[in-house]
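All heavy atoms count here, side chains included; hydrogens, waters and symmetry mates do not.
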Amino acid sequence: MKGLFKATLIVTIFSVLTRAMGFVLRIILSRVLGAEILGYYQVAMSVFGVLLTLVASGLPLVVSRTVAYKKQVQDDRGAHASVTAGLIVTLAISIIVSAVLYIFPNILTKIFNNNITTGIVLYSLPAIIASAIYCVLRSALWGERRFFAMSFTEFFEQVVRIILCFILFAPGVMPWLSLGEKASLSLSISCVMSCLLVIIIYFALKDRLANPRGTFKPLLKSSTPITVVRSASSVVTSLIALIIPARLMLYGFTESQAMAEFGMVMGMAFPLIMIPGTLISSLAVALVPEISSKTSNIDDKSSTRDFDGLKSHVNLAINVSLAISMIFVPAFLVLGTPICEILFGSSGAGVYVSRAAIIMIPMGISQITSSLLNSMGLEMKSLINYVISAIALFLCIFFLPKYLGTNALIVGMGSLSTISAVLNLRMLKKRNLFAKGFGKFFIKVLGYGVVSGVAGTLLLKLLKLFLPKFIYTVIVGIVCVLIMFLLYFMFDVAHIRGFVLRKVRKNKQKAVQTSNEKSAI
């Protein structure tokens, strides 16, 4: 458990820093591009996400899982062979896809009905090829539990991209490119740079490539369901980017208004809503090698070792993910509008943040349980759960815009996350991996959120009377979060109090021991 905590801490620190850089980038893009162009950019990035998912989703996770298992049984050659096979497959897919779109750009123009989005996608194609190498080598570092090296490369990419944005958006730089194309070009260059960095790190750590014969079939068999799930998720995002503006225009919005609304929701509001996902992702990243080393398929008893340890990790992950998500809910419910006014200069996006805050709870549970299922060899089951939940999303975004406008997307995403979370938890329960008492734990944490939200609302009304917006937003946000942490500590949520007290006692013992040693000298 100590190793898991250390790994989670390393990944979390870098994830927070990377997400912070990502928010700086998001602020730059939202202010430079504006809501309408940001809407076009989000549509283009949804397609980029589909292409990237085909290359960098299932295979990297399976490579990581395989490397973790092979290293556990001291089969280094098998681990290197899996990495090599993954590189060959991802490079082949990325080169073919990029070449087809580059030679036949009309495919994109027919989909989008405009050249703005097509140009943005075309300038992102080098990032697809660079990511084919980057994702596999990074996943090998992941499987070897080299969390610092793995996390640093992601952080490096964000820093490089921010620097490139300042350069490319400067007056007079590449005037023949549109703002959206410059944003896309910064993505491609930063991906190439991070790709070069991870290559250097991989070989510097004395890792190597090996003959991949015999590894292609098992890799593809395990990775295909995961790729389908994540590709489906990316396709869903792309369809959202096409359906929501189209349905809004059908009910009276102009194209400009529809793209601006979509830009506010997907380009400003949802990046905030997904902040807990960064911390939950850190936990998932740390857990995957741990779980994969205990089982390659939970339904195959012969490949499962330390079932009790596996069950303990699963329930810890679910409880901690719920606790993480709930920390942010009260603050975003209360402060959605001022936060977005400060960051993006948009009060409209803030309204969407407040309305969507509650869906962070099922989103967090769905995220961690999907990672757990994939880590235990239940990729196909996870795929089925996602398909079922995605149907609810499409029904919402197709029929509800007439009554709810862009809010239909919030309802749809909430439905998707809730159904997915319930189905995933049910699957874990059937395998005796889901402990009893989660319902009580859920109600307890929800109650703490209500207390924090009420306190934040009352404090906000008071401070708005005499403090500037930035000051009262920071104070209320800190108070909401501190109340949650205090309640978690008082009632030992997810064993936080026990962990803190053990750390304090351990530090005191070390201090006493050090003092005694000095006295003896």
Side-chain angles (χ1 to χ4, degrees), residues 43-67 80-108 111-112 117-143 150 153-154 156-158 160-161 164 181 183-203 207 209 212 215-235 237-238:
V43 173
M45 286 300 99
S46 68
V47 173
F48 172 80
V50 174
L51 302 178
L52 186 62
T53 302
L54 291 173
V55 173
S57 57
L59 265 172
L61 177 60
V62 175
V63 167
S64 171
R65 204 170 70 190
T66 304
V67 168
H80 296 147
S82 298
V83 173
T84 307
L87 281 173
I88 292 171
V89 174
T90 54
L91 269 174
I93 296 172
S94 64
I95 291 172
I96 292 171
V97 169
S98 298
V100 168
L101 292 179
Y102 187 78
I103 296 170
F104 304 105
N106 288 337
I107 296 174
L108 296 171
I111 295 174
F112 302 128
T117 314
T118 299
I120 296 173
V121 173
L122 292 178
Y123 275 95
S124 72
L125 293 181
I128 300 293
I129 299 174
S131 296
I133 302 171
Y134 167 83
C135 67
V136 174
L137 296 183
R138 185 173 177 269
S139 67
L141 299 176
W142 181 12
M150 179 200 75
T153 55
E154 192 175 23
F156 173 80
E157 179 183 324
Q158 286 292 338
V160 170
R161 193 176 179 199
L164 287 169
E181 289 169 344
S184 186
L185 181 61
S186 72
L187 170 64
S188 289
I189 297 174
S190 63
C191 284
V192 171
M193 297 292 288
S194 60
C195 172
L196 294 175
L197 176 63
V198 80
I199 290 173
I200 293 170
I201 291 174
Y202 181 80
F203 288 105
D207 281 316
L209 304 180
T215 59
F216 288 102
K217 185 175 179 180
L219 273 182
L220 291 172
K221 182 179 179 181
S222 295
S223 64
T224 298
I226 301 173
T227 301
V228 172
V229 170
R230 298 189 176 180
S231 296
S233 177
S234 297
V235 169
T237 303
S238 296

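- Between atom OG of residue Ser190 and atom CD of residue Gln158 there is a gap of 7.5 Å, rounded to the nearest 0.5 Å.
- The closest side-chain heavy-atom distance from Leu141 to Val198 is below 4.5 Å.
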side-chain contact (heavy atoms from CB on, under 4.5 Å) between Leu125 and Leu51, worked out: CA-CA 9 Å; Leu125 293 181; Leu51 302 178; 4.2 Å; yes

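- Ser46 places a side-chain N or O within 3.5 Å of a backbone atom of Val43 that can act as its donor or acceptor partner.
- A heavy-atom distance below 4.5 Å is not found between the side chains of Ile133 and Thr90.
- Within the 4.5 Å cutoff, side-chain heavy atoms of Phe48 are placed close to those of Leu187.
- Put simply, the side chain of Thr153 never gets that close to the backbone of Ser194: no donor and acceptor are under 3.5 Å apart.
- Between the side chain of Arg161 and the main chain of Ala183, a donor-acceptor pair closer than 3.5 Å is present.
- Pairing each heavy atom of Ala132 with each of Cys135, the nearest pair is O-SG, 3.6 Å.
- Counted within 6.0 Å of OH on Tyr102, heavy atoms from surrounding residues, nucleotides or ligands total 12 or fewer; the atom is thus considered open.
- The two residues Leu52 and Ile128 make their nearest non-hydrogen contact at N-CD1, 3.8 Å.
- In this structure, Glu181 and Gly119 approach most closely via the heavy-atom pair OE2-CA, 3.6 Å.
- Between Ile107 and Val100, the closest side-chain pair of non-hydrogen atoms falls below 4.5 Å.
- The closest side-chain heavy-atom distance from Leu108 to Leu101 is below 4.5 Å.
- The minimum heavy-atom distance linking Ser188 with Ala127 is given by the pair OG-N, 3.5 Å.
- Contact detail for Ala140 and Val67: the closest heavy-atom pair is O-CG1, 3.9 Å.
- The distance from the CD1 atom of Ile120 to the OH atom of Tyr123 is 11.5 Å, given to the nearest 0.5 Å.
- With a 4.5 Å cut-off on side-chain heavy atoms, Tyr134 and Leu197 do not count as touching.
- The shortest distance between side-chain heavy atoms of Pro105 and Leu122 falls below 4.5 Å.
- Ser82 places no side-chain N or O within donor-acceptor distance of the main-chain N or O of Val63, the cut-off being under 3.5 Å.
- The two atoms that bring Ile129 and Ser98 nearest to each other are CG1-OG, 3.8 Å, heavy atoms only.
- The shortest distance between side-chain heavy atoms of Leu219 and Thr66 falls below 4.5 Å.
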